[in-house]
Amino acid sequence: MAPTVATPISESSNITDLVVTNGNGVKGLSEMGLKTLPKQYIQPVEERITVSNILPQESIPIIDMSNWDDQKVSESICDAAEKWGFFQIINHGVPIEVLENVKDATHRFFNLPAEEKRKFSKENSPSNSVRFGTSFSPEAEKALEWKDYLSLFYVSEDEASALWPSACKDQVLEYMRGSEPIIQRLLEALMKRINVKEIDETKESLLMGSKRINLNYYPICPNPELTVGVGRHSDVSTLTILLQDDIGGLYVRGNNDSWVHVPPVSGSLVINVGDALQIMSNGRYKSIEHRVVASGSKNRISVPIFVNPRPYDMIGPFSEVLAGAEKALYKQVLYSDYVKHFFRKAHDGKNTIEFAKI
């Protein structure tokens with residue numbers, strides 16, 4: 001049921017109350033049947049995407065993983081991570097029904113009444129590991145993003161079973177378990193190219209010591225051309241494993257000011273390099289800016305798994321990468337400091353990486 005407000009929704013305090021305080025999110029705004037976008041969501045012209053800066057003929061690589069042991073598959077992964085920082089994988093081994101179940105569970109969570117979702121907001125959540133919110137960093141943003149999300153930091157199966165919303169936890173955990181072998185194999189391939197022969201316990205914790213999964217919801221927008229679903233940014237992860245639905249709207253940075261659409265491919269997963277891997281590989285693998293446009297016709301969801309170092313890990317270029325007297329481009333930084341720096345500001349392209357540069 002669409003929320004109701006007694007006073008005009010155009011007033012800033014009413015928007016905040018409806019969207020944030022009352023837990024309706026932008027989904028609630030969308031369902032009111034607004035004819036025009038509230039001014040808080042209108043992005044500066046330079047942050048909007050237009051037909052003129054889209055490269056229609058370009059696309060990121062699509063890699064068939066049906067034969068993991070084929071050397072050509074490993075080479076394709078590493079080439080894509082170096083050149084694009086983004087690629088799609090098909091025949092990856094996660095059953096289609098697992099992917100469909102987590103998409104259904106995402107819709108189920110966002111279709112809960114506002115008072116149920118509000119139980120997981122910053123003020124009410126039983127744990128810092130579970131957070132329902134909207135936009136990216138509303139306190140720091142000049143213009144808000146047209147998105148709601150549920151963010152789940154994975155600590156253990158027991159904690160997830162106890163604290164994650166029952167509407168989606170089983171399906172999300174199954175998806176996370178199913179993605180584990182993919183993450184392992186992708187990292188093995190990527191490490192070999194940069195002279196890291198073995199992922200020992202220390203390396204494993206640095207590369208994939210913690211995980212966060214987000215359920216993202218992008219509702220129908222009255223003026224999609226004036227706003228963004230997600231602004232320009234690169235991820236702070238090692239790798240991100242993204243499940244998108246069939247609606248589309250994800251764009252990655254091409255050359256200069258151009259953008260390349262990542263078309264939905266049935267059963268595929270989108271993989272991208274995060275800042276942590278760019279730092280650890282001393283810039284060999286690139287984290288690339290990406291963004292999501294809003295849709296005027298359909299509600300879109302996506303489900304990224306962020307594979308990260310642990311908060312208390314120090315990250316910097318691996319010694320194996322620097323073994324040939326290569327100069328370090330990045331200093332050692334505490335991963336939690338890096339992440340805090342990212343969340344302290346609005347999305348601003350690739351600027352977060354400056355925090356770690358020498």
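All values below were derived from every heavy atom in this structure, side-chain atoms included, with hydrogens, water molecules and symmetry-related copies excluded. Remember, predicted model here, so these are calculated numbers, not experimental data.
Using cut-offs of 30° and 60° on the angle between ring planes, the pair W146 and Y41 is perpendicular. Using the six-membered ring where Trp is involved, F355 and Y338 have ring planes that are perpendicular, over 60° apart on the 30 and 60° scheme. Between F110 and F132, the angle of the ring planes lies from 30° to 60°, which puts this pair in the tilted group.
V333 places a side-chain heavy atom less than 4.5 Å from the side chain of K331. Residues K286 and E82 are not in side-chain contact: their nearest non-hydrogen atoms beyond the backbone lie 4.5 Å or more apart. Contact annotation: the side chain of P222 never approaches that of K35 to less than 4.5 Å [non-hydrogen atoms, C-beta and beyond]. You'll find the side chain of Y335 reaches within 4.5 Å of the side chain of V236, heavy atoms only. No side-chain heavy atom of I271 sits less than 4.5 Å from a side-chain heavy atom of T240. With contacts defined as side-chain heavy-atom distances shorter than 4.5 Å, the pair L152/V172 qualifies. Q184 is listed as a side-chain neighbour of M208, based on a closest heavy-atom distance under 4.5 Å. For the pair V321/N195, no side-chain contact is recorded, criterion being any heavy-atom separation below 4.5 Å from C-beta on.
Remark: the backbone N or O of V273 is not paired with any side-chain donor or acceptor of D235 at under 3.5 angstrom. In this structure, Q88 contributes its side chain and V262 its backbone to no donor-acceptor pair below 3.5 Å.
To the nearest 0.5 Å, the span separating CG on L144 from NZ on K147 amounts to 12.0 Å. N272 CG to S234 OG: the interatomic distance, rounded to the nearest 0.5 Å, is 9.0 Å. Separating the OG1 atom in T106 from the CG atom in L215 is a distance of 4.0 Å, to the nearest 0.5 Å. One distance of note links CD of Q278 with OG1 of T238; it measures 12.0 Å at 0.5 Å rounding. To the nearest 0.5 Å, atoms CG (L239) and CG (L187) are separated by 5.0 Å. Atom OG of residue S179 and atom CD1 of residue I241 lie 6.5 Å apart, to the nearest 0.5 angstrom.
Smallest separation of non-hydrogen atoms from K117 and L112: CE-O, 3.3 Å. Heavy-atom minimum distance, G178 versus V94: O-CG2, 3.4 Å. Of all heavy-atom pairs spanning C221 and A294, the tightest one is CB-CB, 4.0 Å. The two residues L250 and F86 make their nearest non-hydrogen contact at CD2-CE2, 4.4 Å. The two residues R310 and S210 have their closest heavy-atom pair at CA-OG, 4.1 Å.
For the pair K203 and F318, the cation-pi criterion (under 6.0 Å, within 45° of the ring axis) is fulfilled.
Hydrophobic clustering, with ILVMFWY side chains joined whenever heavy atoms are under 4.5 angstrom apart, keeps I182 apart from F306. Linking Ile, Leu, Val, Met, Phe, Trp and Tyr whenever their side-chain heavy atoms come within less than 4.5 Å puts I279 and L329 in one cluster. Linking ILVMFWY side-chain heavy atoms closer than 4.5 Å, directly or via other members, places F153 and L163 in two distinct hydrophobic clusters. Taking hydrophobic clusters as Ile, Leu, Val, Met, Phe, Trp and Tyr residues chained together by side-chain heavy-atom distances below 4.5 Å, V98 shares a cluster with Y154. If you chain together hydrophobic residues whose side chains sit under 4.5 Å apart, W68 and I63 fall into the same group.
Tested against V303 for a side chain to side chain contact (heavy atoms under 4.5 Å, CB included), the candidates L150, I213, D245, N214 yield a single pass: I213.
The 12-atom threshold is exceeded at CG of D200, counting heavy atoms of other residues, nucleotides or ligands nearer than 6.0 Å.
Ring to ring, H290 and Y251 are not that close: their centroids are 6.0 angstrom or more apart.
Pairs engaging residues 217-230 under the side-chain hydrogen bond (donor to acceptor under 3.5 Å, both in side chains) rule: Y217-N299 [sequence neighbours left out]. A ring-ring contact (aromatic ring centres under 6.0 Å, His included) check over residues 174-193, counting only residues at least two apart or in different chains, returns nothing.
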